[in-house]
Amino acid sequence: MKLAIAYDGWVKKSPGSNEYITHNKIACAGFASSKEFKELVDATIAREYNIDEIDIKIINGDGASWIKESLGEEGVYFQLDPFHKSQAVIRNVENKKDAHKLIKMLNEGKAEESLEYIAKLMIEQKDDEKKMRKLEKLYNYLVANKEGIRPYQKREEIKIPEAPEGIEYKHLGTMENNIFDTLASRMNAGKMSWTKKGANNLAKILALKTSGKLYSVIETYLNGNISEEKLAEIKEEIELSAADVNKKQKKAKTYHIQRGGMPFEGCVMTNGRKTIREILSYKCLSELKVI
């Protein structure tokens with residue numbers, strides 16, 4: 001499962017507040033190859049932003065290869081996610097004093113000094129195979145992501161343009177929170193398990209919700225405004241199903257029709273149940289074009 005979050009800066013949560021939130025945040029998620037997911041991300045960004053006005057893209061991530069698909073394009077830079085950078089140190093450096101010192105070096109963007117410090121620790125722990133393996137793992141991880149160790153604000157080669165009025169460019173590092181808020185809090189709740197198809201579909205819905213577009217998309221379907229692409233997909237599905245007409249039909253069982261009121265009548269209202277009831281309040285089930 002892959003998740004990408006894009007935004008163009010930070011704004012104050014409310015006038016006079018010291019809290020900030022990301023501005024114009026959009027999300028996309030799902031199962032896809034690195035190339036396919038990059039195309040999805042690029043298309044999502046192009047739909048929401050004027051790409052001709054984008055001079056710089058900072059890609060913040062944990063160093064996975066799919067995250068770096070855009071590197072090499074003009075104006076695109078990679079930054080190793082601060083959380084994952086610190087997490088790697090804490091997991092592999094057992095001495096807390098050494099770990100704290102190393103994290104400070106990394107946050108200051110001292111890549112070479114950080115690697116030299118790890119090498120020094122490896123020499124000191126040469127007789128402890130377990131500690132040596134952990135330090136070697138950390139060293140290799142940082143070497144593989146060396147270009148992203150230095151925070152983007154501290155890089156001379158990145159010329160950050162002046163932010164629009166009301167927007168600020170702050171440090172990056174919201175990825176773990178976004179993973180939890182967008183996907184994990186819903187998909188991992190109650191130790192749920194999913195089929196790949198089900199997880200992929202739900203991830204797309206959750207991404208729309210994070211982007212603030214879920215209800216507008218639902219409204220589009222309820223009003224019958226289906227895109228040409230979707231109509232072609234439905235037509236193809238119908239044509240493929242037509243082959244079943246010539247098949248010998250099995251004897252069908254007879255079932256009595258049961259009638260009832262609105263779904264979840266008299267039940268505790270969860271957000272999901274409330275949404276379903278709101279959808280059905282627009283039109284009855286038989287009138288829905290897509291559901």
Side-chain angles (χ1 to χ4, degrees), residues 1-9 22-81 83-84 144-145 147-148 152 157-158 160-161 169 172-184 186-187 194-221 225-237 239-240 290:
M1 175 70 71
K2 296 178 176 68
L3 169 68
I5 301 288
Y7 50 90
D8 59 8
T22 50
H23 183 255
N24 281 345
K25 181 166 75 172
I26 56 174
C28 48
F31 289 104
S33 68
S34 298
K35 182 181 178 182
E36 290 170 341
F37 195 71
K38 178 189 178 302
E39 291 172 352
L40 173 63
V41 173
D42 288 345
T44 304
I45 290 174
R47 187 175 64 235
E48 299 301 324
Y49 300 101
N50 183 348
I51 57 175
D52 293 331
E53 295 180 355
I54 299 175
D55 296 321
I56 294 173
K57 291 181 185 177
I58 309 296
I59 298 177
N60 179 78
D62 63 2
S65 58
W66 67 268
I67 293 173
K68 300 180 179 181
E69 277 287 316
S70 296
L71 294 186
E73 297 177 6
E74 185 178 357
V76 178
Y77 302 90
F78 169 69
Q79 175 181 284
L80 187 59
D81 181 64
F83 171 82
H84 287 92
N145 296 287
E147 77 275 26
Y152 80 92
E157 73 273 20
I158 303 179
I160 304 296
Y169 298 141
L172 301 177
T174 65
M175 200 63 232
E176 281 301 304
N177 284 335
N178 277 303
I179 289 172
F180 178 80
D181 293 342
T182 304
L183 298 178
R186 174 64 180 88
M187 300 185 77
W194 305 87
T195 63
K196 186 175 180 179
K197 183 178 179 180
N200 196 48
N201 290 337
L202 180 58
K204 293 180 184 302
I205 292 172
L206 294 172
L208 283 172
K209 182 181 177 184
T210 295
S211 303
K213 298 185 178 299
L214 178 58
Y215 289 104
S216 64
V217 170
I218 291 174
E219 183 66 25
T220 297
Y221 285 132
N225 299 325
I226 305 175
S227 68
E228 291 295 326
E229 292 85 356
K230 178 58 70 175
L231 284 172
E233 184 181 323
I234 294 170
K235 183 179 178 182
E236 182 182 1
E237 227 173 275
E239 289 174 350
L240 290 173
V290 179

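No experiment lies behind these values; they were computed from the predicted model shown.
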Can you list the residues that meet the side chain to side chain donor-acceptor pair (under 3.5 Å) rule with E147, with sequence neighbours excluded? none
Who are the side-chain contact (heavy atoms from CB on, under 4.5 Å) partners of E157, not counting sequence neighbours? Y77, R155
Once side-chain hydrogen bond (donor to acceptor under 3.5 Å, both in side chains) is applied, what residue pairs with a partner in residues 62-72 remain, sequence neighbours excluded? K68-N145
If you measure from CD1 on I179 to CE on M187, what distance do you get to the nearest 0.5 Å? 12.5 Å
By side-chain contact (heavy atoms from CB on, under 4.5 Å) - contacts of D52 (at least two apart): N50
If I take atom CD1 from residue I56 and atom CD from residue E74, how far apart are they, to the nearest 0.5 angstrom? 10.5 Å
For Y169, check side-chain contact (heavy atoms from CB on, under 4.5 Å) against everything at least two apart and list the hits. Y152, I160, A163, P164, I167
K25 vs N178 side-chain heavy atoms within contact, under 4.5 Å: yes
Those residues that, when tested against A46, pass side-chain contact (heavy atoms from CB on, under 4.5 Å) (two or more places apart): I51
Hey, is NZ on K209 packed in by over 12 heavy atoms from elsewhere, all under 6.0 Å? no
Separation of K196 NZ from M1 CE (nearest 0.5 Å): 9.5 Å
N/O donor-acceptor pairs under 3.5 Å from side chains in residues 200-207, not counting sequence neighbours:
| unit_1 | atom_1 | unit_2 | atom_2 | d |
| --- | --- | --- | --- | --- |
| N200 | OD1 | F31 | N | 2.8 |
| N201 | ND2 | K197 | O | 3.3 |

T210 meets the side chain to side chain donor-acceptor pair (under 3.5 Å) criterion, sequence neighbours left out, with T182
Nearest heavy-atom contact between A199 and W194 is CB-CB, 3.7 Å
How would you list, by chain and number, every residue that makes a salt bridge (charged side-chain N to carboxylate O under 4.0 Å, His left out) with K213, sequence neighbours excluded? E48
Take T22 and I5 through the side chain to side chain contact (heavy atoms under 4.5 Å, CB included) test and state the conclusion after the steps. CA-CA 10 Å; T22 50; I5 301 288; over 6 Å; no
Considering all heavy atoms, the nearest I67-G61 contact: CD1-CA, 4.0 Å
The criterion is side chain to side chain donor-acceptor pair (under 3.5 Å); which residues satisfy it with E73, sequence neighbours excluded? K38
Minimal non-hydrogen separation, A27 against T44, with atom names: O-CG2, 4.5 Å
Residues in ring-ring contact (aromatic ring centres under 6.0 Å, His included) with Y7, at least two apart? W10
Apply side chain to side chain donor-acceptor pair (under 3.5 Å) to S33 and list each qualifying residue two or more places apart in sequence or on a separate chain. E36
From CG (L40) to CD1 (I45), nearest 0.5 Å: 10.0 Å
